[in-house]
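Everything on this sheet refers to the single structure shown next.
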Amino acid sequence: MATYCSEPSRTFSEYLLIPGYTSPECIPANVSLRTPLVKFRKGEEECPLMLNIPMTSAIMQSVSNDTLAIALAKEGGISFIYGSQSIEDEAAMVAKVKSYKAGFVVSDSNLSPKSTLRDVLELFEQTGHSTMAVTHDGTGNGKLLGIVTGRDYRVSRMDPDTNVTEFMTGLDSLVTAGETTTLKEANDIIWEHKLNSLPIVDKNGNLMYFVFRKDYSQHKENPQELLDKNKSYVVGAGINTLDYEKRVPALVNAGVDVLCIDSSEGYTCWQEKTLKFIREKYGDSVKVGAGNVVDREGFLFLAKAGADFVKVGIGGGSICITRETKGIGRGQATAVIEVAAARDEYYKETGIYVPICSDGGIVHDYHMTLALAMGADFMMLGRYFARFDESPTTKLLVNGIYVKEYWGEGSNRARNWQRYDLGGKAKLSFEEGVDSYVTYAGPLSDNVAKSLYKVKSTMCNCGAITIPQLQQNAKLTVVSATSIVEGGYHDVMLHTSPSTR
């Protein structure tokens, strides 16, 4: 006979936090959101890889590329570059993130001596970067001939067909540095000569990198940024259970900090096999998460198989229709509560703490605080990040509203059949995700700061200034349908235009 759960499957919207005692120290400025990303043993001083904020971006084509990874790392979180692309392209994205924060940026805006002002304007439109290298072959590592910046030309006074060599700043007028230059030395040169950028060239005069003044100031403006021991941004990447024997080595060679098996359901022999391969080849040096699961048994299976963290959630994503098409899944709140209890049980028995990630079901900012209070160590967000400037999708004007495209990995558009593979044919037999739009929200940094201030404020209301304190002290209550209605505005008439009073 089938097993029946006596309790209903609940979502975050069915819970509220009950305020606790707020002491004088409970102010948002004192709240720390540092949280473990990967497993660690009891007695160790700290987890080997910590997040400064409990946010990761989803392993999705429409969310996590190198641009968003850099932006999120600046805020203290981590992106998992999507794996539904070629191994070479995914590894290249990882490498781009790792090279970016080292301060030595590979030039992606390059011109040849045959280029014209028209080419300069078109390149600026494509990349948004005003500093362009002119090399003998138009590549980012060709022999450096000069650079072009916005100060070198005036569109209104120049013919678009003017050759770039007529207005670029030539090599003889540039300050450059050699390949052995350290980041500190490069910044000293930039400040001494009042430069905006410093080209780094090898002994043969080939361009290697740029070091930008703005990166120095950005470091000062982003005290939470997530860096590795080499001062490069931390980045993750998604893998599947099919080509992992080739994909994992390529990503490791590219410098990835942590991997995650991307699958709609993680309680499988294929995830166990993938974890076994990584542990036999790399031991514990390569960190890898697994999932997704929604109950105690699923968590314990992956923890014992060697997962460094476990993702929780099936069917709760805004573009996911797994529950609708297959009838499997669980309310996200119920899933997180049960898996968190299993994690604590496992830690008590083994002395190994395996963090859990709440993946899906976040509709409102307060749901983030609820997920953390229920036991999640961090969250994975898709729709939330898809709305921002830095996501890889196109910004469109639809019915008078700016939106960005957002589609599920199980949609026909993504065709990520590997994510849903159950050992059958190499194709997507039916959709488990939709193709949609999300309302455009602007830059990532502004939105993340606002969302996390809400989280910190609520934690203070609960008498907690760390995530472990919140998990230990939080009091939660189930709310009725009527209570949910009461929680929003009601019995009033909203202004439809700004007040003239």
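The model shown is predicted, which means the values in this text are computed figures rather than measured ones.
- Between K98 and D257 there is a salt bridge, with a side-chain nitrogen of the basic residue lying less than 4.0 Å from a carboxylate oxygen of the acidic one.
- Applying the side chain to side chain contact (heavy atoms under 4.5 Å, CB included) criterion to D202, with sequence neighbours excluded, gives E179, N204, N206, M208.
- Evaluation of the side chain to side chain donor-acceptor pair (under 3.5 Å) rule for T439 yields no partner, not counting sequence neighbours.
- Among residues at least two apart or in separate chains, there is no salt bridge (Lys or Arg N to Asp or Glu O under 4.0 Å) pair with a member in residues 457-466.
- Residues satisfying the salt bridge (Lys or Arg N to Asp or Glu O under 4.0 Å) criterion with R34, sequence neighbours excluded, are E46.
- For K454, the side chain to side chain donor-acceptor pair (under 3.5 Å) partners two or more places apart in sequence, or in a different chain, are D365.
- Residue K276 places its NZ atom among 12 or fewer non-hydrogen atoms of other residues, nucleotides or ligands, all under 6.0 Å distant.
- Legend: residues meeting side chain to side chain donor-acceptor pair (under 3.5 Å) with H364, ordered by chain and number and at least two apart, are absent.
- Applying the ring-ring contact (aromatic ring centres under 6.0 Å, His included) rule to Y384 yields the partners F388; only residues at least two apart in sequence or on another chain are considered.
- Scanning for side chain to side chain donor-acceptor pair (under 3.5 Å) contacts around K229 gives an empty result, with sequence neighbours left out.
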Would you list the atom pairs, donor with acceptor, under 3.5 Å between side chains in residues 462-469 and any protein atom, with sequence neighbours excluded?
from, atom 1, to, atom 2, distance (Å)
T466, OG1, Q469, N, 3.2
Q469, OE1, I465, N, 3.0

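- Within the 4.5 Å cutoff, no side-chain heavy atoms of E405 are placed close to those of S62.
- Applying the salt bridge (Lys or Arg N to Asp or Glu O under 4.0 Å) test to every pair with at least one member in residues 291-306, sequence neighbours left out, gives these pairs: R296-E345.
- Listed by first then second residue, pairs satisfying ring-ring contact (aromatic ring centres under 6.0 Å, His included) with a partner in residues 280-307 read Y267-F301, not counting sequence neighbours.
- Taking the salt bridge (Lys or Arg N to Asp or Glu O under 4.0 Å) definition, one finds that D188 meets it with K184, sequence neighbours left out.
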